[in-house]
Amino acid sequence: MPSAQIVPTLLARLRQAHPDARYELNWSTPFELLVATILAAQCTDERVNRVTATLFQKYSGPQAFAEANTPELEEDLRPTGFYKQKAKSVQNMSRELLAKFGGEVPRTIEGLVTLPGVARKTANVVLNTAFNLPSGIIVDTHVARVSQRLGLTKKEKPEDIEQDLMKLVPQDQWTFFGPATVLHGRYTCTARKPKCEECPFNDLCPKIGV
DNA sequence: CTCCCGATAT
DNA sequence: ATATCAGGAG
């Protein structure tokens, strides 16, 4: 069966499994979601949430991060891993945000991607989740793995996978498909021991790469 | 392609 | 012990 044919079934069953799929990062403003998403690289949401709970009390917005003492910020971010890189990204991102966008998170992928530490995945998370804009499809390690196993793409690079998915999935489903597929990958189609027995797509999955 | 880097599941 | 985890920059 061509992969395009299974997409409507896929979307219907995804909705059953994850009716209110949304990101599991905690945030109260688009800026906080942007910071949290940068911190989420190679790190679980749970650990990011543990850090941001106190982080966002200490640093109230882009101005506070821009003026922060860098070694101190590094320590604040240490539990998320890559902490020197992430401290630099968050601080420089905040400075650029103030300099170029008046401290307001831009609502376009072109604008977001100019910020340090922000590429398509992070930009799509912010636009899809905070602004409900179908700017593209979030492709992280989970979406990539699930899409490959289901035979929706044979590509390796996230940007190429996103292109394939955008052709297959109707645009008004993009903001649902991304987060829902992330959850499916996180809890069912896991990297190491995928739970194929309890997977709602078991009957239509070629199980590529499993 | 390599590097950044700590925490957790297997 | 080691692969992997909501990636991105140089």
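Per chain, numbering begins at 1; letters A, B, ... match sequence-line order.
The separation between A:E159 atom CD and C:dG8 atom C1' is 11 Å, rounded to whole Å. A:R186 has its CZ atom 12 Å from the P atom of B:dT8, to the nearest Å. Atom C1' of nucleotide C:dT2 and atom CZ of A:R192 are separated by 8 Å, given to the nearest angstrom. Computed from coordinates, the A:E74 CD to B:dC4 P distance equals 13 Å when rounded to whole Å. Separating the NZ atom of A:K193 from the P atom of C:dA3 is a distance of 18 Å, rounded to the nearest angstrom. When the C1' atom of B:dC4 is taken as reference, atom NZ of A:K88 falls 10 Å away, rounded to whole Å.
Taking the centre of each ring, A:H18 and A:F176 stay at or above the 6.0 Å mark.
Looking at A:Q63 and A:E67, their side chains do bring a donor and an acceptor atom within 3.5 Å of each other.
With P as the reference atom, B:dC4 and C:dA1 are 23 Å apart, rounded to whole Å. The gap from the P atom of C:dT2 to that of B:dC5 amounts to 22 Å, rounded to the nearest Å.
Not a single donor-acceptor pair under 3.5 Å links the side chain of A:E32 to the backbone N or O of A:F56.
Put simply, the residue from A:D76, A:L39, A:L77 that forms a side-chain contact (heavy atoms from CB on, under 4.5 Å) with A:T52 is A:L39.
If you check residues 105-122 of chain A against DNA chain C, the residues with a heavy atom closer than 4.0 Å are A:L115, A:P116, A:G117, A:V118, A:A119, A:K121, A:T122, listed by number.
Distance OG1/A:T29 to CD/A:E104: 9.5 Å, rounded to 0.5 Å.
Summarising the local packing, NZ of A:K58 is surrounded by more than 12 heavy atoms from other residues, nucleotides or ligands at distances under 6.0 Å. Around CZ of A:R95, the count of heavy atoms belonging to other residues, nucleotides or ligands within 6.0 Å exceeds 12.
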Under 3.5 Å between N/O atoms: give me all the protein pairs with nucleotides 5-7 of chain B, atom names plus distance.
unit_1, atom_1, unit_2, atom_2, d
B:dC5, OP1, A:K84, N, 2.5
B:dC5, OP1, A:Q85, N, 2.8
B:dC5, O4', A:F82, N, 3.1
B:dG6, N2, A:R47, NH1, 3.4
B:dG6, N2, A:R47, NH2, 2.8

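Ion pairing of A:E74 with A:R78 is absent here, as no side-chain N (NZ or NE/NH1/NH2) approaches a carboxylate O to less than 4.0 Å.
Evaluation of the ring-ring contact (aromatic ring centres under 6.0 Å, His included) test over residues 84-110 of chain A, restricted to residues two or more places apart or in two chains, returns none.
Distances shown here put every side-chain N or O of A:R145 at or beyond 4.0 Å from the OP1 or OP2 atom of C:dA3.
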